[in-house]
Amino acid sequence: QAIGAMPEDIRDALETFNAYDEQFPRITEFARETKSRARKDGFVLTKWGRKLNIPPDRPYVGVNYIVQGTAADLLKHAMMKCDRFFRQEGLDELERWQVKKKTLEWKHSIDGSVLMPIHDELIFKFLRVHCTLPVLRKTCELMAESDGHLRVPTPVEPYIITKRWDQKQKIKGFTYA
């Protein structure tokens, strides 16, 4: 069917799709190459080299597998690097005496740690005394590094959340992009 003979909504969608291809030809090329490779090999590799098997009848999912798999690898490696940093700096442990039932008791508690990942964010837990600009800058630096696996920057923006997730605050003295 010629474009002029198509229903208007389909014609608009096709024009949008073609305009996208013209605007971002490398993305279209990446998608075509990935689908072809997934069809041929039966798997794709994330930027970290993790192998993800692709169902033989669905090579198109390879594009999504690479993008989301690479994002997951980036987050996982950021968590591991930050955890290693906290341990090296002694931020993972706070040893203190605690008064309990009129006796002194040795208390060991977590002081700085990765609390949880949420989509493309990492949530950390720190005591206020250790939530300093140098610690935050180093944590952001570690999170932004892709160790050469990506050719694009991965910006990091830290916020402080004290009570509610929807009430995050910018950090005084930190330079935001």
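- Counted within 6.0 Å of NZ on Lys47, heavy atoms from surrounding residues, nucleotides or ligands total 12 or fewer; the atom is thus considered open.
- Contact detail for Tyr65 and Pro55: the closest heavy-atom pair is OH-CD, 4.2 Å.
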What verdict does the side-chain contact (heavy atoms from CB on, under 4.5 Å) test give for Leu122 and Leu75, after you've listed the backbone C-alpha separation in whole Å, the side-chain angles of each residue and the deciding distance to 0.1 Å? CA-CA 8 Å; Leu122 287 178; Leu75 205 60; 3.6 Å; yes
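- The NZ atom of Lys51 sits 8.0 Å away from atom CG of Leu45, with the distance rounded to the nearest 0.5 Å.
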Can you list, pair by pair, the side-chain donor-acceptor contacts under 3.5 Å of residues 27-37, counting residues two or more places apart and other chains?
from: Thr28; atom 1: OG1; to: Asp21; atom 2: OD1; distance (Å): 2.7
from: Thr34; atom 1: OG1; to: Phe30; atom 2: O; distance (Å): 2.8

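- Annotation: the span from Thr154 atom OG1 to Leu74 atom CG amounts to 5.5 Å, rounded to 0.5 Å.
- Atoms CD1 and CG, from Ile10 and Leu14 in turn, are 9.5 Å apart once rounded to the nearest 0.5 Å.
- Between the side chain of Lys81 and the backbone N or O of Leu142 there is at least one donor-acceptor pair closer than 3.5 Å.
- For Arg50 and Asp73, the salt-bridge test passes: some basic side-chain N is under 4.0 Å from an acidic carboxylate O.
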Trace of the side-chain contact (heavy atoms from CB on, under 4.5 Å) decision for Gln169 with Tyr159: CA-CA 5 Å; Gln169 304 163 358; Tyr159 294 91; 6.0 Å; no
Stepwise side-chain contact (heavy atoms from CB on, under 4.5 Å) check, Phe43 with Leu52: CA-CA 5 Å; Phe43 66 90; Leu52 303 169; 6.0 Å; no
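- One finds the SG atom of Cys82 at 10.0 Å from the CD atom of Glu141 (value rounded to the nearest 0.5 Å).
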Please evaluate residues Glu22 and Tyr20 with respect to the criterion side chain to side chain donor-acceptor pair (under 3.5 Å), reporting the C-alpha separation (whole Å), side-chain torsions for both, the decisive distance (0.1 Å), and the verdict. CA-CA 5 Å; Glu22 289 175 22; Tyr20 182 87; over 6 Å; no
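- With values rounded to the nearest 0.5 angstrom, Lys40 atom NZ is found 14.0 Å from Ile54 atom CD1.
- The distance from atom OG1 of Thr46 to atom NE2 of His149, rounded to the nearest 0.5 Å, is 8.5 Å.
- Annotation for Arg164 and Ile161: closest pair O-CG2, 3.2 Å, computed over non-hydrogen atoms.
- Hydrophobic clustering, with ILVMFWY side chains joined whenever heavy atoms are under 4.5 angstrom apart, keeps Met80 apart from Met143.
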Could you please spell out the steps behind the ring pair (Phe, Tyr, Trp, His ring centres under 6.0 Å) verdict for Phe124 and Phe86? CA-CA 11 Å; Phe124 294 95; Phe86 297 156; 5.6 Å; yes
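- A continuous path of hydrophobic side-chain contacts links Met79 to Phe85 [ILVMFWY only; heavy atoms under 4.5 Å].
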Distance-only donor-acceptor pairs under 3.5 Å for side chains of residues 170-177, two or more places apart:
from: Tyr176; atom 1: OH; to: Pro158; atom 2: O; distance (Å): 2.4
from: Tyr176; atom 1: OH; to: Ile171; atom 2: N; distance (Å): 2.9

